[in-house]
2 protein chains.
Amino acid sequence: MFKTIELVNGKVRMLDQSRLPLEVRYIECTDYTMVAEGIKKLWIRGAPAIGIASAMGVAIGAQKIRAKDFEEFYSALEPIFSTMMSTRPTAVNIEWAINRLKKLLSTKKELSVEKLKSLLIEEAHTILEEDIEANKSIGRWGAQLIKDGDTIITHCNAGALATGGYGTATAPMRVAKEQGKRIQVIADETRPVLQGARLTAWELMQDNIPVTLITDNTAGALMKKGEINIALVGTDRTAANGDVANKIGTYPLAILCKEHGIPFYVAAPTSSIDFSIASGESIPIEERDSLEVTKIWDCQIAPDGVNVINLSFDVTPAKYVTGIITEKGIFKPQDLKKLHERTSL
Amino acid sequence: MFKTIELVNGKVRMLDQSRLPLEVRYIECTDYTMVAEGIKKLWIRGAPAIGIASAMGVAIGAQKIRAKDFEEFYSALEPIFSTMMSTRPTAVNIEWAINRLKKLLSTKKELSVEKLKSLLIEEAHTILEEDIEANKSIGRWGAQLIKDGDTIITHCNAGALATGGYGTATAPMRVAKEQGKRIQVIADETRPVLQGARLTAWELMQDNIPVTLITDNTAGALMKKGEINIALVGTDRTAANGDVANKIGTYPLAILCKEHGIPFYVAAPTSSIDFSIASGESIPIEERDSLEVTKIWDCQIAPDGVNVINLSFDVTPAKYVTGIITEKGIFKPQDLKKLHERTSL
């Protein structure tokens with residue numbers, strides 16, 4: 001069993017997902033700038049995973065700080081916080097993790113700098129463990145939506161590789177299988193970075209969950225043939241009104257589901273719901289290098305110099321979302337505010 | 001300027017499209033079995049182009065026949081007809097070309113075998129020339145649908161490379177540009193074979209038609225931003241009721257257009273309309289090797305042994321089609337039968 005990420009001996013060890021499925025290689029990040037590099041270069045990706053990575057990056061960065069008191073320590077942390085926050089803009093999880101660490105520190109000003117350093121390491125571990133526990137809850141809630149014999153379509157990778165472990169969209173699949181339901185998963189390859197082909201297909205095959213790979217173009221034809229029962233995807237950031245930002249191609253998939261009467265569910269741990277954003281229009285959409293589109297590893301597939309638009313994410317308006325599966329239950333998009341009332345401090 | 005295909009000195013010379021855009025290489029097919037191989041292996045592809053290739057394959061195959069009379073000659077042609085017919089099942093154009101040659105021969109039984117051989121060569125040339133002329137007509141009709149400043153989305157390659165020349169879906173783009181309209185084309189890459197990235201982007205750049213490449217997942221986001229005005233695609237086979245079989249991913253694109261109020265047009269020379277088929281349900285949908293999905297040239301992008309579904313085409317029901325642009329005018333899908341009444345012999 002692989003580990004997406006772990007903090008061990010003051011280093012952050014992450015599976016280099018950019019090399020899957022052909023190479024299973026781990027990278028040991030010895031300082032926080034290397035963790036930030038790993039996030040930018042997609043050695044690690046997936047909203048919950050990069051949140052965890054950010055917390056771990058701060059934790060190991062903190063160890064090297066020389067400070068005599070809280071103020072000096074916290075000042076020295078600011079550039080580390082900034083570095084992590086500036087890696088990628090769309091997922092809310094980095095912001096969420098950094099804010100969680102800042103809040104924790106602010107309640108522990110009386111501790112020595114050494115104790116604060118340990119606290120950050122512990123909190124990074126706790127964030128990872130809570131992520132896995134939340135995913136297991138999502139699994140139990142979401143499995144109720146899956147019937148014996150169902151074929152589930154998913155997009156991108158919202159599995160163990162996208163999280164501390166277990167996965168968000170894959171969690172109900174795992175639980176359903178444990179419950180003895182016979183399920184099939186259709187993973188669309190998810191260009192340009194091919195998380196579906198390289199990551200989802202790989203991890204589901206590892207876990208003996210029947211998976212079939214298709215190109216992104218094929219979902220419509222399968223739905224028309226009646227071969228898809230339910231869609232289950234993750235999210236990088238869900239707004240307060242239930243608009244869902246996720247990997248590019250999620251929005252078309254949701255429209256196809258609507259057209260074919262197929263329920264469209266989003267697995268969203270509360271760490272990925274951003275109640276400070278009223279609707280999807282305010283979610284920043286990362287655009288990445290054209291090379292992701294024109295080159296697949298060493299293979300160039302487009303003419304030199306071609307113009308490219310490479311939006312990494314899109315926003316699915318709440319009206320296309322049948323339900324949002326959180327660790328606290330399944331909510332209709334318009335009912336997400338109830339969750340906020342519950343989770344507000 | 002490249003030539004998709006030509007018949008010269010008893011050989012069929014075709015651009016090897018499987019190597020574009022990095023290599024511009026021509027293959028000289030010295031016998032009909034090589035032409036058939038080229039069709040199966042996608043050295044040449046695009047419905048009108050493979051129809052033309054089939055006619056040319058028959059013509060050069062015929063040259064080597066030793067026969068003393070019409071019956072012997074025609075018998076010797078049968079396996080050549082079969083070979084061409086069995087290359088690929090979805091496009092109607094091969095069937096159309098073979099039937100045209102058979103019909104022609106049946107009216108010329110009095111000719112000598114030598115004259116019949118020349119007749120086939122001439123008819124193959126005529127089929128190519130008529131294809132280009134039909135495309136130019138499609139261009140003139142279709143350009144009426146394009147306004148100055150429009151952004152047109154297209155799928156797969158329905159350009160010069162898919163035809164004898166000039167293209168079907170690209171024809172209105174060419175005419176609109178000649179008319180001085182400022183247009184932009186969005187070409188989605190069209191996995192798995194990447195005809196959009198490798199062929200459409202390449203040929204439009206050659207002809208200075210502004211083109212931007214996107215992944216197949218990106219169309220929805222661009223439509224949501226209001227950046228697409230019209231969709232224009234080709235067809236491999238259109239049924240009598242206006243159901244359209246075309247490259248996989250066309251059906252989702254049509255649904256996205258409907259959802260966003262964007263007109264969806266199909267460029268269909270009458271040689272690609274099959275009046276013998278009542279609806280799209282009867283159109284055979286080719287499935288091709290998994291390797292097209294799991295490998296991009298030498299790059300393997302999925303786990304060894306993964307299950308794959310590789311449907312090469314899908315069917316867009318007539319209700320999603322705003323209009324069908326033929327060389328004889330633009331028809332609503334339900335009015336295609338009028339065209340049949342006009343073109344029936």
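This one's a predicted model, so the numbers in the text were calculated from it and none came from an experiment. Values below: every heavy atom of this structure, side chains too, minus hydrogens, waters and symmetry copies.
Cys299(B) and Ile296(A) make their closest contact through SG-O, 3.4 Å (heavy atoms, listed as atom of the first residue, atom of the second, distance). Closest approach of Gln300(B) and Trp297(A) over heavy atoms only: O-CZ3, 2.9 Å.
Atom CD of Glu281(A) has 12 or fewer neighbouring heavy atoms from other residues, nucleotides or ligands inside a 6.0 Å radius.
Just one of Val306(A), Asn307(A), Asn310(A), Ile309(A) meets the side-chain contact (heavy atoms from CB on, under 4.5 Å) condition when paired with Leu213(B); it is Val306(A).
Near-neighbour residues of residues 257-264 of chain B relative to chain A, defined by a heavy atom under 4.5 Å from a heavy atom of that chain, comprise Lys258(B), Glu259(B), His260(B). For a heavy-atom cut-off of 4.5 Å, chain A lies close to Glu189(B), Thr190(B), Arg191(B), Pro192(B), Leu194(B), Ala197(B), Arg198(B), Ala201(B), Trp202(B), Met205(B) in residues 187-205 of chain B.
For the options Pro210(B), Gly220(B), Pro317(B), heavy-atom pairs under 4.5 Å to chain A are most numerous at Gly220(B). Per-residue counts of heavy-atom pairs under 4.5 Å with chain B were compared for Ala219(A), Gly249(A), Ala221(A); the largest is that of Gly249(A). With chain B as partner, the option from Val211(A), Thr250(A), Ile285(A), Asp298(A) having the largest number of non-hydrogen pairs under 4.5 angstrom is Val211(A). Ranked by heavy-atom pairs shorter than 4.5 Å toward chain B, the options Val293(A), Ile214(A), Ile255(A) are led by Ile255(A). Most heavy-atom pairs under 4.5 Å with chain B, from the set Val315(A), Thr215(A), Ile186(A), Asp314(A): that is Thr215(A). Interface summary for chain A: among Ile301(B), Leu256(B), Asp216(B), the most heavy-atom pairs under 4.5 angstrom belong to Ile301(B).
Only the side chain of Lys225(A) comes within contact range of chain B, with heavy atoms under 4.5 Å apart. For chain B, the nearby parts of Ile248(A) are the backbone and the side chain; heavy atoms of each come within less than 4.5 Å. Residue Leu222(A) touches chain B through its side chain alone, counting heavy-atom pairs closer than 4.5 Å. For a residue to count as touching a neighbouring chain, one of its non-hydrogen atoms must lie under 4.5 Å from one of that chain's; by this rule Pro21(A) touches chain B with the side chain only.
The structure places CG of Asp304(B) at 7.5 Å from CG of Leu22(A), a figure rounded to the nearest 0.5 Å. Atoms CG and CG, on Asn217(B) and Leu311(A) in that order, are 11.0 Å from each other to the nearest 0.5 Å.
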